[in-house]
Amino acid sequence: MELVHNLAFGFTAALSLQNLGWVFLGCLVGTLVGVLPGLGALASIAMLLPLTYQLGPDAGIIMLAGIYYGAQYGGSTSSILLNMPGETSSAVTALEGHKMALAGRAGPALSIAAIASFFAGCVSTLLLAAFASILAVVALKFGPAEYFALMILGLVGAIVLASGSILNAFGMIVLGLLLGTVGTDVNSGVARFSYGYAPLAEGISVVAISMGLFGIPEIIANLEQGKLKVSMLPVGKLWPKKADLRRVFPSILRGTGLGALLGLLPGGGPTLAAFGAYTIEKKMSRHGHEFGKGAMEGVAGPEAANNAAAQMAFVPTLALGVPGSATMALMISALVIHNIQPGPMVMTNQPVLFWGLIASMWIGNAILLILNLPLVGIWVSMMRLPYRYLYPAILVFSCIGTYSVVNAPFDVIQFAVCGFVGYIFLKMGCEPAPLLLGFVLGPLMEEKFRRALLISGGDFSVFVKSPISIGLLAAAAILLVVFVLPSVYAKREEIFEEG
Amino acid sequence: MHVHNPKALLTGVMFALVGSGFALVAPRYSLGTAAEMGAGYFPAMLGIVLTLIGIVVAAKALVGAQGEVTGLPEIHWAPTLIVMASIVFFAVGLRPLGLVVTTIGCVLIARLATRPRLSLNAVVTAVCITIFTVAVFRSGLDLPLPIWPTFDTR
């Protein structure tokens, strides 16, 4: 079987001492960054991006990937213990996980989160291997119209699964798309909306916008609440009871499935998957009534989902070159720097990179299980740091991260502006995640849109010509209809009211 | 006229303003046709869509649909402006003043949000963060950040 052969090949590469070291480092940094609220995978990847110049693409991507899925693991720790998610995707885990911790069951919560994540990680690594091969073949049939349809599906998915008003989310996405047009247009060479100001000709910095919209408002909100002391809950016995494990197994399966599916969509991604899994668990688990008071399924499902989505997000990124998130966009730039263009050919042209990455993901998941459970004590003591020591450090690191992408002080100014805007959004109840997604996908969407119409001579029906694009657009339409129907809409509001 | 949902109204107005702003400026970059799109086509289209969304959101807020009652957004200016100042100081100061001075300044400004005066604790924190930063980012990762003041304002 070719799959087995390829995986074996990948493991040979991944198990080299050097690559093992990079996986370990990535997982360690990722967990650390995930545990600490405020500093996220995106900021760390941005800061370590220059390092990959020297490391070479294989080792570099392996390490960055380790940080990425490691942060998913770590984020759950601070969610459960502090009710302060270290990663946006772990915000849902806090809902039930922190309640469990308050009831003295922090240990089982942490281990269920880790086990669910590990299971999801293993399964999705296999899926990644299987899917990417299929997708690479299918991807060759993807013309610009199909790419466009896929991205529409991703955006619609983001709208319907976002909490809050659908119309608002739609507006934020369009706003993000518009902000993505600022800068030099690749197709025509025209510098748009930059008003002759040279630094803006590059466009708005993706790191500035994402850290500004997410990180800064959180810091300001914490400061205005005067949340300076961090109270710590006892962890207690780590290992959950066998009966507990058996009980959460269906949730883990469901979470993995949903996460894998959503990770494939550009615009899916860990946060969406986690929220979706929470909703599903609340409805489908036999212990739905326990939700809000510390239901294990509310930890297992979302944690499995966010890990599965995090890994599957590599499929569209590597096989199609379509980034599902700002973080994936950075991964792509790490590859492009080494002259590797992600796309259907990357599997055949760069087999060591591709299969080595997949194998190292499995190794990384194993390392993370080991890091997270016995070493939880170390993470816990780090979280005892009072916030007044933490947030200035976060600010400094974020500034450095933003600056060092292209060594531009202006990017840091953008960071400040985006931070201010992000804070206003927070106060107005506007969700930043859809905006960021629109921003990341905007230029690519425009390019595909333009090319599709160029080829068809201005004929808009090109988007419903091929079976692939019809299928994708139909799926988007179905999603929209299902979620906009009043009955589903009301339930959605109800579920997110507690969130 | 009692507005039930001022936040939504503000959101709608913001969308409409930004959308029309983009839509009005975009034709400057040549719209072209669907088959041969100019640089302004996509932004113009998006701008129109956003304006429409904004109008709908604002209208819904005025009519009182959705039954959601919210208050006005409460903005706490003190921590906001302090955090902004801290970041801007970093941006402006990094090249001329170097990493050490800039980091210390950034931390001290940021700490004003916790306590309005300079304290020993803040200074010690600033120094520790600076040492860590220089060690990790400059020596460890070799990022091209100037450490000491060079007064270079390129």
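Naming convention: chains lettered A, B, ... in sequence-line order (proteins, then strands); numbering from 1 in each chain.
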Interatomic distance, CD1@B:Ile53 vs CE@A:Met172, rounded to 0.5 Å, equals 11.5 Å
Bottom line for A:Ile455: the part with an atom under 4.5 Å from chain B's heavy atoms is neither
If one checks every heavy atom of A:Asn407 against chain B at 4.5 Å, the contacting part turns out to be both
Ring pair (Phe, Tyr, Trp, His ring centres under 6.0 Å) filter on A:Phe410, not counting sequence neighbours, yields A:Tyr197
Ignoring hydrogens and angles, tell me if any N or O in the side chain of A:Arg192 forms a donor-acceptor pair with the backbone of B:Ala26 under 3.5 Å.
no
Correct closest heavy-atom pair for A:Ala416 and B:Met84 would be O-SD, 3.1 Å
So, the part of A:Ala191 with a heavy atom under 4.5 Å from chain B: the answer is backbone
What one should report as the nearest heavy-atom pair of A:Glu224 and B:Pro79 is CB-CG, 4.1 Å
Which of A:Ile413, A:Ile216, A:Val396 passes side chain to side chain contact (heavy atoms under 4.5 Å, CB included) with B:Ile87? Answer is A:Ile216
Honestly, the part of A:Cys399 sitting under 4.5 Å from a heavy atom of chain B is both
Bottom line for A:Asp459: the part with an atom under 4.5 Å from chain B's heavy atoms is neither
Within residues 122-130 of chain B, the residues sitting under 4.5 Å from chain A by heavy atom, in sequence order, are B:Thr125, B:Ile129
So, the part of A:Phe193 with a heavy atom under 4.5 Å from chain B: the answer is both
Counting heavy-atom pairs under 4.5 Å with chain A, the top scorer among B:Leu10, B:Thr80, B:Val107, B:Val88 is B:Thr80
Turns out that what part of B:Thr11 lies under 4.5 Å from chain A's heavy atoms comes down to both
Whatever's closer than 4.5 Å to a heavy atom in chain A on B:Leu99 counts as side chain
Applying a strict 4.5 Å limit to non-hydrogen atoms, the region of B:Phe15 in contact with chain A is side chain
Looking only at A:Ile400, A:Leu454, A:Val417, most heavy-atom pairs under 4.5 Å shared with chain B are made by A:Ile400
Heavy atoms of B:Leu46 and A:Val174 approach each other most closely as O-CG1, 3.5 Å
Would you say the side-chain atoms of A:Tyr391 pair up with the backbone N or O of B:Ala110, donor to acceptor, closer than 3.5 Å? yes
B:Arg95 side chain to A:Ala408 backbone, donor-acceptor under 3.5 Å | no
Counting heavy-atom pairs under 4.5 Å with chain B, the top scorer among A:Phe425, A:Phe460, A:Phe170 is A:Phe170
Side chain to side chain, B:Pro43 and A:Leu178, heavy atoms closer than 4.5 Å: yes
Greatest number of non-hydrogen atom pairs under 4.5 angstrom with chain B, of A:Thr181, A:Leu426, A:Leu453, falls to A:Leu453
If one checks every heavy atom of A:Tyr389 against chain B at 4.5 Å, the contacting part turns out to be both
Looking only at B:Phe132, B:Tyr29, B:Tyr41, the option with the highest number of non-hydrogen pairs under 4.5 Å against chain A is B:Tyr29
Q | Note, B:His76 side chain near A:Tyr423 side chain (heavy atom, < 4.5 Å) | A | yes
Cut-off 4.5 Å, heavy atoms of chain A, and the answer for B:Leu94 is side chain
Applying a strict 4.5 Å limit to non-hydrogen atoms, the region of A:Ile424 in contact with chain B is side chain
The reported gap from CD1 in A:Ile220 to CG in B:Leu81 (rounded to nearest 0.5 angstrom) is 8.5 Å
With chain A, the option among B:Ala78, B:Ala85, B:Gly12, B:Gly38 that has the most non-hydrogen atom pairs under 4.5 Å is B:Gly38
Most contact-rich option vs chain A, by heavy-atom pairs under 4.5 angstrom, among B:Arg28, B:Glu36, B:Met14, is B:Met14
Pairwise side-chain contact, A:Phe449 with B:Met45, heavy-atom cut-off 4.5 Å (strictly under): yes
